[in-house]
Amino acid sequence: MLRILIADDHTIVRRGIIQILSESYPNAHVEEVADADAIIAAMMKSKWDLIISDLSMPGRSALDALPQIKQIDPELPVLIMSIHPEDQFAIRVLKAGASGYLSKDLAPEELILAVQKVLSGRKYITPRIAEKLILSIHGQIEEMPHQSLSDREFAVFSLISKGTTISEIAESLHLSPTTISTYRSRILQKMDMKNNSELTVYAIQHNLF
């Protein structure tokens, strides 16, 4: 039996995905969780064939959880869904181990196509992102400041830009406040910024929320 885990902090979104999947996979066993830590907990209890996860959820993002997910089950396909433009996140999540990146405004048929592809062991990549991947490999895309950040730095940057405190970030990422402060210093240096306010303005301007 196909086992699918859906992660999203909005119940209505989870139910919508389940409804779409039920038409093509009526016998699948589907469970739903609301955050990245719950994904890890579900993986420790059961074996899954596919994870479909929102990118941004309370606490850790799916991007931050991807390394742990792949460590637990390297072969498990993970589809990331988001309201954010694929230009901003698709390449990063693919490099982190995701099997595909989908916009939440896509047609239901496209979700099924993506599921079929990743379950067969392939990647789901739109033509636009395929082109960007080729250009990035050949160094033909000018890197934006946030693209110089590591995945963990990017996770901290995202939380800081939302106004999350150092202690709250430390708790959600299971790290010490000192470590988060170190990440913050690196982020400011790499992005050539002076304070959290500048990070927030940058995130808003580039639709990174």
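If you're wondering where the values come from, they're calculated on a predicted model, not measured in any experiment. Every heavy atom of this structure was used, including side-chain atoms; hydrogens, water molecules and symmetry mates were not.
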If you define the side chain from C-beta out and look only at heavy atoms, does anything of [X] sit under 4.5 Å from [Y]?
X      : Y      : answer
Asp54  : Val13  : no
Lys123 : Tyr101 : no
Ile83  : Ser103 : no
Ile39  : Leu5   : yes
Ile4   : Trp48  : no
Met1   : Asn27  : no

Are [Y] and [X] connected into the same hydrophobic cluster when the rule is that any two of I, L, V, M, F, W, Y join if their side-chain heavy atoms are below 4.5 Å apart?
X      : Y      : value
Ile125 : Ile91  : yes
Met144 : Val93  : yes
Ile72  : Leu173 : yes
Leu79  : Leu113 : no
Val33  : Val115 : no

Assess whether atom [atom1] of [X] is packed by more than 12 heavy atoms of other residues, nucleotides or ligands within 6.0 Å.
X      : atom1 : answer
Asn195 : CG    : yes
Glu171 : CD    : no
His29  : NE2   : yes

Closest approach of [X] to [Y] (non-hydrogen atoms, all atoms of both residues):
X      : Y      : answer
Pro145 : Ser148 : O-OG, 2.7 Å
Ala96  : Leu63  : CB-CD1, 3.8 Å
Ile166 : Ser181 : CG2-OG, 3.8 Å
Asn196 : Arg184 : OD1-NE, 2.7 Å
Ala34  : Pro58  : O-CD, 4.2 Å
Asp9   : Ser56  : OD1-O, 3.7 Å

Nearest 0.5 Å please: distance from the [atom1] atom of [X] over to the [atom2] atom of [Y].
X      : Y      : atom1 : atom2 : answer
Ser99  : Leu50  : OG    : CG    : 8.0 Å
Phe157 : His146 : CZ    : NE2   : 7.0 Å
Met191 : Arg186 : CE    : CZ    : 15.5 Å
Arg152 : Thr179 : CZ    : OG1   : 9.5 Å
Lys104 : Leu111 : NZ    : CG    : 12.0 Å
Ile160 : Ile169 : CD1   : CD1   : 4.5 Å

Under 3.5 Å, is there a donor-acceptor pair between the side chain of [X] and the main chain of [Y]?
X      : Y      : value
Ser61  : Met57  : no
Glu198 : Lys194 : yes
Ser161 : Thr200 : no
Ser46  : Met43  : no

Please tabulate, one pair per line, all N/O donor-acceptor pairs under 3.5 Å involving side-chain atoms of residues 14-23, not counting sequence neighbours.
residue : atom : partner : partner atom : Å
Arg14   : NE   : Glu32   : OE1          : 2.7
Arg14   : NH1  : Asp8    : O            : 2.6
Arg14   : NH2  : Thr11   : OG1          : 3.2
Arg14   : NH2  : Glu32   : OE1          : 3.4
Arg15   : NE   : Glu32   : OE1          : 3.3
Arg15   : NE   : Glu32   : OE2          : 3.0
Ser22   : OG   : Gln19   : O            : 2.7

Should the pair Arg60-Asp37 be classified as a salt bridge under the 4.0 Å nitrogen-to-oxygen rule?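 Between Asp37 and Arg60 there is a salt bridge, with a charged N closer than 4.0 Å to a carboxylate O.
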Under a 3.5 Å threshold, yes or no: a donor from one side chain and an acceptor from the other, between Tyr124 and Glu110? yes
Side chains of Thr165 and Ser167: is there a donor and an acceptor less than 3.5 Å apart? yes
Test: salt bridge (Lys or Arg N to Asp or Glu O under 4.0 Å). Region: residues 67-79. Which pairs qualify, not counting sequence neighbours? Lys47-Asp73
Do the ring centers of Phe154 and Tyr183 come within less than 6.0 Å of each other?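 No, the ring centres sit 6.0 Å or more apart.
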Testing Ile6, Ile52, Leu2 one by one against Val30 for a side-chain contact (heavy atoms from CB on, under 4.5 Å), which residue passes?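 Going through Ile6, Ile52, Leu2 one by one, the side-chain contact (heavy atoms from CB on, under 4.5 Å) with Val30 is satisfied by Ile6 alone.
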